[in-house]
Amino acid sequence: MTESAWLLLVYRVPTEPASKRVTVWRDLKRLGAFYLQQCVAVLPDLPHLRTELEQIAAKIETFEGESTLFEVPRLRTADEARIVESFRALRNHEYQEIIEECETKFVKEIEFEHFRQNYTFEEAEEIGQDLEKIRRWFDRIVARDWFGADLRPEVEAWIERCADLLSDFEQTVYQRSPDDAEKGGLDPLNSLLTPRPLRPSTDERERTGS
């Protein structure tokens, strides 16, 4: 394994109000940090992460807390291997959530719309927006998957499958509703791209971090 440099943030935030501690925790979670123990978070030493950690440290000061950011040039081989595997486990857990979203919600939703033959352009738009949210969710995890978690290819395959299902659904909508699409001179294919309000998030932790 190639030796890496690391950033270690050790901090303390007053216990009350709890919202301040939660804010710091959410910020570090968004970055993809791994907690060695309570209030001790580690990240790879990358320029954008260093900047983000410095901003979090400044925020901690406004919360009347204190923090120290350590630069760790190297770790013992066994310790680094353990930490890297911990990062992979975190990302695999996040990837698994996307797989569950695809399998238990996205696919089931399209199956249900086929079952009730709800072939409308509005429904196709909404399902398309659901897929875009999944893609953005995936992109955020990939951006912090520094060590190549095992489930990433499986998620890519699921997203491709969802895209194929959506394409089939759109084709059925187009075939079933040509007259509706042509009313007012509308292009049915372009109508699928019209922005609409996003549905409520199915994973608040990930979506509120977007």
Side-chain angles (χ1 to χ4, degrees), residues 4-75 79-80 82-102 104-106 129-152 155 159 195-210:
S4 303
W6 302 87
L7 297 171
L8 187 70
L9 181 68
V10 180
Y11 67 92
R12 181 188 63 80
V13 178
T15 55
E16 296 296 337
S19 59
K20 294 181 177 180
R21 302 185 73 179
V22 171
T23 296
V24 174
W25 173 79
R26 283 178 175 169
D27 287 346
L28 289 168
K29 179 180 182 296
R30 173 180 54 80
L31 290 184
F34 171 63
Y35 273 85
L36 296 174
Q37 61 183 56
Q38 187 175 13
C39 297
V40 180
V42 63
L43 282 163
D45 189 357
L46 301 173
H48 71 285
L49 294 178
R50 181 187 292 264
T51 300
E52 293 268 14
L53 283 177
E54 290 172 349
Q55 293 173 353
I56 292 173
K59 181 184 292 187
I60 289 171
E61 289 187 13
T62 68
F63 290 164
E64 299 181 347
E66 58 185 35
S67 65
T68 303
L69 181 58
F70 294 92
E71 300 176 3
V72 184
R74 59 174 295 181
L75 295 170
D79 291 335
E80 182 171 282
R82 176 174 55 84
I83 290 174
V84 167
E85 283 306 309
S86 296
F87 274 109
R88 288 177 178 146
L90 284 176
R91 301 295 84 83
N92 275 331
H93 177 74
E94 294 171 339
Y95 285 140
Q96 184 61 46
E97 290 179 330
I98 298 182
I99 292 172
E100 292 172 2
E101 176 81 3
C102 293
T104 65
K105 294 186 179 180
F106 189 91
Q129 289 172 353
D130 287 343
L131 180 57
E132 286 307 307
K133 287 188 286 186
I134 291 173
R135 284 173 169 153
R136 292 195 297 270
W137 183 7
F138 175 65
D139 289 342
R140 289 195 297 271
I141 298 174
V142 169
R144 55 183 181 249
D145 184 12
W146 307 291
F147 304 106
D150 298 338
L151 289 182
R152 178 174 172 178
V155 177
I159 291 176
R196 292 171 58 87
L198 296 180
R199 292 183 175 183
S201 167
T202 55
D203 189 292
E204 278 306 317
R205 295 172 299 165
E206 278 297 327
R207 310 298 166 84
T208 54
S210 59

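All residue numbers in this chain count up from 1 along the given sequence. Note that the structure is predicted; figures quoted are calculated from it, not measured.
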- Message: I'd like to check R82 versus E85 (side-chain heavy atoms, cut-off strictly below 4.5 Å). Are they in contact?
- Response: no

- Check the pair L31 / L53 against side-chain contact (heavy atoms from CB on, under 4.5 Å), numbers first and verdict last. CA-CA 9 Å; L31 290 184; L53 283 177; 4.2 Å; yes

- State the CD1-OG1 distance between I56 and T51, to the nearest 0.5 angstrom. 11.0 Å

- Query: How far apart are the closest heavy atoms of L151 and N92, and which atoms are they?
  - Reply: N-OD1, 2.9 Å

- Message: Between the side chains of R136 and D139, is the shortest nitrogen-to-carboxylate-oxygen separation below 4.0 Å, so that they form an ion pair?
- Response: no

- Atom NZ of K105 and atom CG of D130: how far apart are they, to the nearest 0.5 Å? 10.0 Å

- Query: Under the side-chain contact (heavy atoms from CB on, under 4.5 Å) criterion, do L36 and L8 qualify, and how do the steps go?
  - Reply: CA-CA 9 Å; L36 296 174; L8 187 70; 3.5 Å; yes

- Measure the CD1-NE2 distance between I141 and H93 for me, rounded to the nearest 0.5 Å. 9.5 Å

- Task: Would you please classify the geometry between the F87 ring and the F147 ring as parallel, tilted or perpendicular, with 30° and 60° separating the classes?
- Result: tilted

- Item | Side chains of W137 and E94 in contact at under 4.5 Å (non-hydrogen atoms) | no

- Message: Please give me the minimum heavy-atom distance between P44 and L7, naming the atom from each residue.
- Response: O-CD1, 4.0 Å

- Could you pull out the closest heavy-atom pair between L90 and A33, with the gap in Å? CD1-O, 3.7 Å

- Here the side chain to side chain donor-acceptor pair (under 3.5 Å) pairs for residues 34-46, sequence neighbours left out, are Y11-Y35, D45-R50

- Note on the structure: Interatomic distance, CZ@F63 vs OG1@T23, rounded to 0.5 Å, equals 4.5 Å

- Task: To the nearest 0.5 Å, tell me how far L9 CG sits from E54 CD.
- Result: 10.5 Å

- Does a side-chain heavy-atom distance below 4.5 Å link E101 with F106? no

- Query: Residues two or more places apart in sequence or in another chain: which of them pass salt bridge (Lys or Arg N to Asp or Glu O under 4.0 Å) with E66?
  - Reply: R12

- Backbone N or O of G148 within a donor-acceptor pair of the R91 side chain at under 3.5 Å? no

- Query: Got a second to check how far E52's CD is from L28's CG, nearest 0.5 Å?
  - Reply: 10.0 Å

- Item | S4 backbone acceptor or donor facing E80 side chain under 3.5 Å | yes

- Are V72 and V42 close enough, and set up right, to give a side-chain contact (heavy atoms from CB on, under 4.5 Å), and what steps lead you there? CA-CA 10 Å; V72 184; V42 63; over 6 Å; no

- Query: Which pairs with one or both residues in residues 15-27 pass salt bridge (charged side-chain N to carboxylate O under 4.0 Å, His left out), sequence neighbours excluded?
  - Reply: D27-K59

